[in-house]
Each structure stands twice: as C-alpha cells, then as structure tokens.
Amino acid sequence: MEIAGLVRTSTVDFPGMIAAVVFTPGCNLDCFYCHNRQLLSADVPLMDNEEVIAYLKKRRGLIDGVVVSGGEPLLQQDLAVFLRQLKAWDYQIKLDTNGTCPDRLNALLKENLIDYVAVDYKAPWHRYPEICHCAAKTAGQVHRTLDLLLQTDLSWEARTTVPAQLTEADLLDMASALPPLPAYYLQICRKPAVFKPEDRFRLDAAGYTTGALLRLAEVIRSRQPHVQVRA
C-alpha cells in the first residue's frame with residue numbers, strides 16, 4: 001500500500017482513542033478547499049512501508065488505534081492487506097473516506113476490518129460536481145455509502161466542511177436528504193496553504209464563524225438531531 005504521511009500520535013483524530021494516522025496518496029475528488037492537496041499529486045513522495053509497519057508494530061499496546069486517511073484510502077488496492085496486519089496486532093481502525101467507493105467499503109466491513117468510519121458529506125447531491133469537481137454519479141456513490149452504514153451497528157459519523165458557498169438552504173437540503181445520522185458534524189472551513197490559483201476567489205470569500213455554524217446546527221437539528229459543530 002502507498003503511504004504518503006504518518007502522524008505518530010494523535011489524540012483528536014479517533015474519538016476516545018490515542019492513535020497514529022496514516023495518509024495515503026491520491027483522490028478521485030478535487031474539492032477546492034482540500035487541506036491535503038499535496039497528497040493529490042501524481043509524484044507525491046512516498047514513505048518506506050517497512051518503516052511505517054515497524055513503527056506500528058513497536059507501538060502496539062501503547063496506542064489504541066490507527067486512522068487511515070488520505071487522499072482516499074479506498075483507492076488503495078491492497079488496503080485490506082494492511083488492515084489485516086493491524087488487526088493482527090489488536091489495533092482499533094478508523095477509516096476516513098469521501099464515500100465514493102461503497103463496494104470496497106462493504107468488503108472491508110464484511111471482514112470486520114474497520115471499527116469506526118468518518119464519511120465526508122460534501123454538499124447537496126446536485127452540487128457535488130460543482131463543489132468536488134467530479135462526475136454527477138459521484139453523489140449516488142456517496143448516498144450508497146451512507147445507506148450502507150445506516151444498516152450496520154458500526155460506530156460512524158458523517159461530516160460536512162462548510163465553505164462560504166454552502167448556504168443555509170443547502171444545509172437544510174442535506175439534513176433532509178437522509179434519515180437521522182448517528183453523529184453529524186459541521187466543520188469550519190479554513191483556507192488551505194496549498195490550493196489551485198483558480199480557486200483563490202472562492203477561498204477568499206468570508207466564511208462561517210463557529211458561532212454561525214452553531215446557529216446553523218440549531219436550524220437543522222429538527223432533521224438531524226445529532227448534529228454538532230467541530231471547530
């Protein structure tokens with residue numbers, strides 16, 4: 001599996017866990033506010049897999065879990081092999097995903113290789129091509145992922161990073177498009193350090209404050225009762 005980054009210890013990326021975070025390169029979306037754009041390059045530097053594996057083997061029993069993030073980890077053909085090794089060492093595993101690969105996610109769930117999933121719910125279905133620079137069918141793939149998770153007993157969350165371009169009406173649309181989720185987070189959108197020049201004006205638009213997101217959370221709470229704000 002290709003690994004492009006490693007956070008050796010984190011207390012904020014896996015709820016209730018002390019975890020390492022492994023980043024995989026490559027993504028099938030191109031969100032204008034992406035904070036990991038450096039991972040999308042075709043020539044992103046890769047880490048030595050053996051070095052990462054050796055670190056995680058050494059840390060078993062000292063940290064609780066491993067977060068696999070990206071990029072989009074489900075694009076990695078041998079992700080299951082990596083997760084099986086982690087499970088053999090009794091790690092709890094959290095997957096961060098954009099939700100576009102429901103069949104690959106389902107295969108991992110059937111093997112009980114994942115303990116927690118965080119799915120990005122980017123925009124109203126009809127705005128996915130605009131926000132994520134993707135094909136129209138992408139929204140249907142994300143919908144399938146969310147439907148799949150709603151049918152499991154797995155711990156999971158959906159999360160929406162809220163750029164200035166998403167309106168209150170958009171968030172109401174998103175909240176109404178799904179049944180109540182077990183956990184739904186609205187997240188502050190911050191201008192990334194690396195971005196495409198053509199996205200500058202969208203990123204320079206005045207964004208939502210934490211207070212504004214708290215107000216929006218109240219607006220949609222009747223439809224998504226478990227909504228919270230993550231600053």
Side-chain angles (χ1 to χ4, degrees), residues 1-29 34-36 38-121 138 141-159 181-183 185:
M1 186 179 79
E2 293 185 333
I3 298 173
L6 172 67
V7 174
R8 293 175 180 267
T9 307
S10 169
T11 59
V12 298
D13 289 281
F14 195 156
M17 301 280 177
I18 299 172
V21 185
V22 172
F23 293 91
T24 65
C27 189
N28 52 353
L29 301 183
C34 179
H35 268 262
N36 288 341
Q38 68 276 12
L39 297 178
L40 307 189
S41 170
D43 57 354
V44 58
L46 299 178
M47 296 187 67
D48 183 339
N49 277 32
E50 293 303 317
E51 176 187 344
V52 176
I53 291 292
Y55 173 77
L56 294 174
K57 183 178 181 180
K58 179 181 178 181
R59 294 292 287 175
R60 56 184 174 172
L62 299 176
I63 57 177
D64 306 308
V66 177
V67 178
V68 185
S69 191
E72 175 47 57
L74 289 171
L75 297 178
Q76 297 289 322
Q77 296 298 321
D78 50 358
L79 176 60
V81 176
F82 181 66
L83 298 186
R84 290 183 198 120
Q85 180 63 78
L86 298 181
K87 276 296 177 188
W89 293 334
D90 295 323
Y91 277 119
Q92 295 285 295
I93 296 171
K94 173 177 178 265
L95 176 72
D96 290 342
T97 177
N98 61 26
T100 60
C101 304
D103 293 334
R104 292 185 180 184
L105 173 61
N106 192 35
L108 298 179
L109 295 178
K110 286 181 176 179
E111 277 199 64
N112 296 313
L113 292 176
I114 302 174
D115 302 286
Y116 192 100
V117 178
V119 185
D120 291 318
Y121 182 24
T138 300
Q141 294 166 335
V142 179
H143 202 166
R144 282 181 57 207
T145 291
L146 293 167
D147 283 343
L148 170 66
L149 290 168
L150 282 164
Q151 297 170 37
T152 72
D153 295 326
L154 194 75
S155 296
W156 66 280
E157 67 181 59
R159 56 195 187 184
L181 304 173
Y185 290 93

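Residues Glu2 and Gln76 approach most closely at N-OE1, 3.0 Å, considering heavy atoms. Val44 approaches Pro25 most closely through the heavy-atom pair CG1-CB, 3.5 Å. Closest approach of Val67 to Asp13, counting heavy atoms only: CG2-O, 3.9 Å. Closest heavy-atom contact between Glu157 and Tyr116: OE1-OH, 2.6 Å. Residues Leu150 and Pro182 approach most closely at CD2-CD, 4.5 Å, considering heavy atoms. The minimum heavy-atom distance linking Leu146 with Ala158 is given by the pair CD2-CB, 4.4 Å.
In this structure, CG on Asp115 lies 3.0 Å from NZ on Lys87, to the nearest 0.5 angstrom. Atom CZ of Arg104 sits about 7.5 Å away from atom CG of Leu74, to the nearest 0.5 Å. Between the CD atom in Glu72 and the CG atom in Leu39 there is a gap of 12.0 Å [rounded to 0.5 Å]. The structure places CG of Asn49 at 7.5 Å from CZ of Phe82, a figure rounded to the nearest 0.5 Å. To the nearest 0.5 Å, the span separating CG on Leu46 from CZ on Phe23 amounts to 14.5 Å. Note: Gln85 CD to Ile53 CD1 = 6.0 Å, rounded to the nearest 0.5 Å.
Every side-chain contact (heavy atoms from CB on, under 4.5 Å) that Thr9 has, sequence neighbours left out, goes to Ile18, Tyr55, Arg59. Every side-chain contact (heavy atoms from CB on, under 4.5 Å) that Asp103 has, sequence neighbours left out, goes to Arg144.
The shortest side-chain heavy-atom distance between Leu109 and Leu148 falls under the 4.5 Å cut-off. A heavy-atom distance below 4.5 Å is not found between the side chains of Asp64 and Phe14. Looking at heavy atoms from C-beta onward, Leu105 lies in side-chain contact with Ile114 at the 4.5 angstrom threshold. Residues Thr24 and Met1 are in side-chain contact: their nearest non-hydrogen atoms beyond the backbone lie under 4.5 Å apart.
Looking only at distances, a side-chain donor or acceptor of Trp156 sits under 3.5 Å from a matching main-chain atom of Leu149.
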For this session: Applying side chain to side chain contact (heavy atoms under 4.5 Å, CB included), run through Asn98 and Cys27 and close with a yes or a no.
Result: CA-CA 9 Å; Asn98 61 26; Cys27 189; 3.6 Å; yes
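Applying the side-chain contact (heavy atoms from CB on, under 4.5 Å) test between Thr97 and each of Val68, Asp120, Val117 identifies Val117 as the sole match.
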